[in-house]
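Reading through the structure tokens given below for one structure.
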Amino acid sequence: MVEVFCFPVAEGDFFWVRYGEEKKSHILIDGGTKEFGYLYKNVLMSIDEKDERIEAIILTHIDNDHIQGAIEGIANTSEGVLKKIVKRIYFNTCSAIQRELKLENTVCAEKEILASIWKNGYGVGEGIEFLKILKNKKILDRLSDFVIEGQQYDFEDGARMKIISPGEKELKQLAKKWEAYHQRKEAIVYSAGGETHYQKDLKELMNEKLGNDTSVNNKSSIAFLLTYQGSKMLFLGDTNSKVCVEGAKHSGIENPCPVDLIKLSHHGSKANMSDELLSFFPTQYYLVSTDGSRKKVPNKTVLAHLLTVSDSEKPVWLLANYEWWADMYHEKYFTEGDKENYLKTERLKVKFLDSKGIEINGDIKIYGQYDGVG
């Protein structure tokens with residue numbers, strides 16, 4: 001059994017995958033914004049208390065709704081614990097890209113990645129670069145700093161991570177023309193694809209085209225296929241769908257490749273999905289992490305396309321760690337037509353994840369919370 005915890009970290013991403021029989025192995029993906037550093041640390045401590053190991057800490061890309069919580073949590077965890085439990089950290093750095101692709105030195109994006117540290121000897125309010133934190137904790141040697149499509153990493157008990165994004169082109173763009181990274185949450189740029197999308201019926205939106213996210217940060221996001229025994233899960237970060245399709249082809253993944261679960265890219269943004277990607281990795285189950293603040297919710301055009309590419313005999317499940325369709329839209333996100341044609345018929349099932357979780361395909365259980373961490 002694989003367990004996936006999709007933590008409620010406001011508008012950000014923080015996933016914890018644990019698998020194995022008696023003694024579990026762990027994979028941490030991103031960490032939400034800075035205020036959730038305490039939660040990240042609690043997860044680390046709970047793993048340490050069980051005398052278990054983290055196979056991989058994955059920071060998908062340099063956006064604060066993905067990375068800051070992890071930086072805070074790592075910075076405020078003792079060196080002894082980190083050295084004991086952390087096996088590898090996967091995070092693309094500009095300097096490594098320059099090194100591996102033999103590029104001319106430019107200003108590196110990681111110089112802008114700062115975390116506010118308030119204890120463990122770093123000083124109140126002092127900003128410490130992530131790589132400096134790893135160095136001070138004596139785990140910098142566990143960093144894999146160049147992650148690119150086609151790479152494959154084998155973990156404990158037969159788990160495997162196959163990278164499908166970014167490609168060489170995207171990494172070069174990141175090294176040469178990176179977007180400014182800001183600590184302020186308000187600086188995150190996100191587009192749901194128009195504020196009127198929720199006012200239209202899903203049926204009407206099936207004919208609308210999806211977009212193409214050109215953000216350098218997002219296109220360089222790490223996306224990967226995670227397999228364990230018979231389970232397959234696709235974690236897309238905030239990446240571009242075209243980059244993922246090309247990366248999957250270059251990685252030798254057979255098309256189609258049915259999967260048990262897809263974590264939607266960029267919180268369900270219209271600009272980050274495509275029919276080609278959805279057809280390449282067919283599934284019934286989609287996971288989204290967002291509280292819906294600032295209208296940051298899955299674009300309904302994306303949901304419409306999930307319905308069009310899926311097996312019409314099976315329901316499409318949208319699994320969420322917040323009830324944004326009710327809280328932010330006062331139950332008006334879905335039109336009366338949507339409710340009549342898709343929700344009541346259970347063609348589309350929108351499920352709020354809590355600490356009880358939901359089991360899919362007999363091999364994976366997904367939670368929105370973890371009672372042992374808080």
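Keep in mind that this is a model prediction, so the values were computed, not measured.
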Is there a side-chain contact between Asn42 and Tyr40 in this structure, where contact means two heavy atoms from C-beta onward sitting under 4.5 Å apart? no

Answer yes when Lys84 and Glu79 have at least one side-chain N-carboxylate O distance shorter than 4.0 Å, and no when they do not. no

Within-4.5 Å side-chain heavy-atom neighbours: Val2 and Val17: yes

hydrophobic_cluster_shared for Phe281 and Leu306, side chain cutoff 4.5 Å: yes

Please check if atom NZ in Lys332 has more than 12 non-hydrogen atoms from other residues, nucleotides or ligands closer than 6.0 Å. no

Do Lys172 and Leu101 have side chains that approach each other closer than 4.5 Å (heavy atoms only, starting at C-beta)? yes

Which heavy-atom pair separates Gly31 from Phe36 by the least distance, and what is that distance? O-CB, 4.1 Å

Find out if a path of hydrophobic residues (ILVMFWY) with successive side-chain heavy-atom gaps under 4.5 Å connects Ile27 to Leu261. yes

By side chain to side chain donor-acceptor pair (under 3.5 Å), Asp213 pairs with (sequence neighbours left out) Asn218, Asn272

Minimum heavy-atom separation for Leu225 to Lys232, with atom names? CD1-CB, 4.3 Å

Side chain to side chain, Pro256 and Phe280, heavy atoms closer than 4.5 Å: no

With Tyr285, which residues qualify under ring-ring contact (aromatic ring centres under 6.0 Å, His included), at least two apart? Trp317

Could you check whether any side-chain heavy atom of Leu353 comes within less than 4.5 Å of a side-chain heavy atom of Phe5, counting everything from C-beta outward? no

Apply the test side-chain hydrogen bond (donor to acceptor under 3.5 Å, both in side chains) to residues Arg347 and Ser310: give CA-CA distance (whole Å), side-chain angles for both, the deciding distance (0.1 Å), then the verdict. CA-CA 10 Å; Arg347 177 75 178 94; Ser310 67; 2.9 Å; yes

Residues Pro166 and Ser220: closest non-hydrogen pair is CG-O, 3.5 Å

Passes salt bridge (Lys or Arg N to Asp or Glu O under 4.0 Å), Glu72 versus Lys41? Steps please. CA-CA 8 Å; Glu72 291 284 324; Lys41 178 182 177 180; over 6 Å; no

By side chain to side chain donor-acceptor pair (under 3.5 Å), which residues pair with Thr335, not counting sequence neighbours? Asp201, Asp338

Check Asp65 with Lys34, please: is the shortest side-chain N to carboxylate O separation under 4.0 Å? no

Would you say that more than 12 heavy atoms from the other residues, nucleotides or ligands in this model lie under 6.0 Å from the CZ of Arg99, or not? yes

Table please: side-chain donor-acceptor pairs of residues 54-62 below 3.5 Å, with sequence neighbours left out.
| from | atom 1 | to | atom 2 | distance (Å) |
| --- | --- | --- | --- | --- |
| Glu55 | OE1 | Glu156 | N | 3.2 |
| Glu55 | OE2 | Lys87 | NZ | 2.7 |
| Thr60 | OG1 | Asp30 | OD1 | 3.1 |
| Thr60 | OG1 | Asp30 | OD2 | 2.9 |
| His61 | ND1 | Ser221 | OG | 3.4 |
| His61 | NE2 | Asp63 | OD2 | 3.2 |
| His61 | NE2 | Asp238 | OD2 | 3.2 |

Salt bridge or not between Lys365 and Asp363? Use side-chain N to carboxylate O under 4.0 Å. no

Smallest heavy-atom separation, Thr308 atom then His305 atom, equals OG1-O, 2.9 Å

Trace of the side-chain contact (heavy atoms from CB on, under 4.5 Å) decision for Leu264 with Leu287: CA-CA 6 Å; Leu264 289 176; Leu287 181 61; over 6 Å; no

So, for Asp260 and Gly230, which heavy atoms are closest and what is the spacing to 0.1 Å? OD2-O, 3.9 Å

Steps toward side-chain contact (heavy atoms from CB on, under 4.5 Å) verdict (Asn240, Asn212): CA-CA 7 Å; Asn240 176 290; Asn212 180 40; 2.6 Å; yes

Flag side-chain contact, heavy atom, 4.5 Å: Leu303 against Leu202: yes

ring-ring contact (aromatic ring centres under 6.0 Å, His included) with Phe146: which residues, sequence neighbours excluded? none

Checking Ser251 side chain against Ile253 main chain: does a donor-acceptor pair fall under 3.5 Å? no

Tell me, with the steps shown, if Tyr90 and Phe224 meet ring pair (Phe, Tyr, Trp, His ring centres under 6.0 Å). CA-CA 12 Å; Tyr90 298 87; Phe224 58 93; 8.9 Å; no

Between Tyr329 and Tyr333, what is the ring plane arrangement, given parallel below 30°, perpendicular above 60°, and tilted in between? perpendicular

With sequence neighbours excluded, residues passing side chain to side chain contact (heavy atoms under 4.5 Å, CB included) with Asp157: Tyr19, Ser25, Tyr228

With side chains defined as the heavy atoms from C-beta onward, is the minimum distance between Val297 and Trp325 less than 4.5 Å? no

Modelled atom types, side-chain donor and acceptor of Arg88 and Ser144, under 3.5 Å: yes

Verdict with supporting geometry, Gln284 and Asp311, side-chain contact (heavy atoms from CB on, under 4.5 Å): CA-CA 8 Å; Gln284 284 181 262; Asp311 185 342; over 6 Å; no

Do Asp13 and Ile29 have side chains that approach each other closer than 4.5 Å (heavy atoms only, starting at C-beta)? no

Once you measure the plane-to-plane angle for Trp16 and Phe7, does it fall in the parallel (<30°), tilted (30-60°) or perpendicular (>60°) bin? parallel

Closer than 4.0 angstrom, basic N to acidic O: yes or no for Glu52 and Lys24? no

Between Tyr367 and Glu3, is there a donor-acceptor pair closer than 3.5 Å when you use the side chain of the first and the backbone of the second? no

More than 12 heavy atoms of other residues, nucleotides or ligands under 6.0 Å from NZ of Lys50: yes or no? yes

Run the numbers on Val288 and Trp324 for side-chain contact (heavy atoms from CB on, under 4.5 Å), then give the verdict. CA-CA 11 Å; Val288 63; Trp324 38 261; 4.3 Å; yes

Looking only at atom types and distance, does a side-chain atom of Glu170 sit under 3.5 Å from a main-chain N or O of Gly167, one as donor and one as acceptor? yes

Chi angles and distances behind the side-chain hydrogen bond (donor to acceptor under 3.5 Å, both in side chains) call for Asp291, Ser293: CA-CA 6 Å; Asp291 64 353; Ser293 58; 2.9 Å; yes

What do you reckon, is NZ of Lys349 surrounded by more than 12 foreign heavy atoms closer than 6.0 Å? yes

Does Leu236 belong to the same Ile/Leu/Val/Met/Phe/Trp/Tyr cluster as Val243, with side-chain heavy atoms less than 4.5 Å apart forming each link? no

Between Glu35 and Thr33, is the side-chain hydrogen bond (donor to acceptor under 3.5 Å, both in side chains) condition met? List the steps. CA-CA 6 Å; Glu35 60 265 40; Thr33 48; 3.1 Å; yes

Restricting to non-hydrogen atoms, name the atom on Asn321 and the atom on Ser289 that form the minimum distance, rounded to 0.1 Å. ND2-OG, 3.1 Å

Could you walk me through whether Glu11 and His267 satisfy the side-chain hydrogen bond (donor to acceptor under 3.5 Å, both in side chains) test, starting with their C-alpha distance in whole Å, then the side-chain angles of each, then the deciding distance to 0.1 Å, before giving a yes or no? CA-CA 8 Å; Glu11 63 205 47; His267 320 283; over 6 Å; no

Phe14 and Ile133: same hydrophobic cluster, using ILVMFWY side-chain contacts below 4.5 Å? yes

According to a hydrophobic-cluster definition based on side-chain heavy atoms being under 4.5 Å apart (Ile, Leu, Val, Met, Phe, Trp, Tyr only), do Val81 and Leu140 belong together? yes

Under-4.0 Å salt bridge between Glu246 and Lys242: no

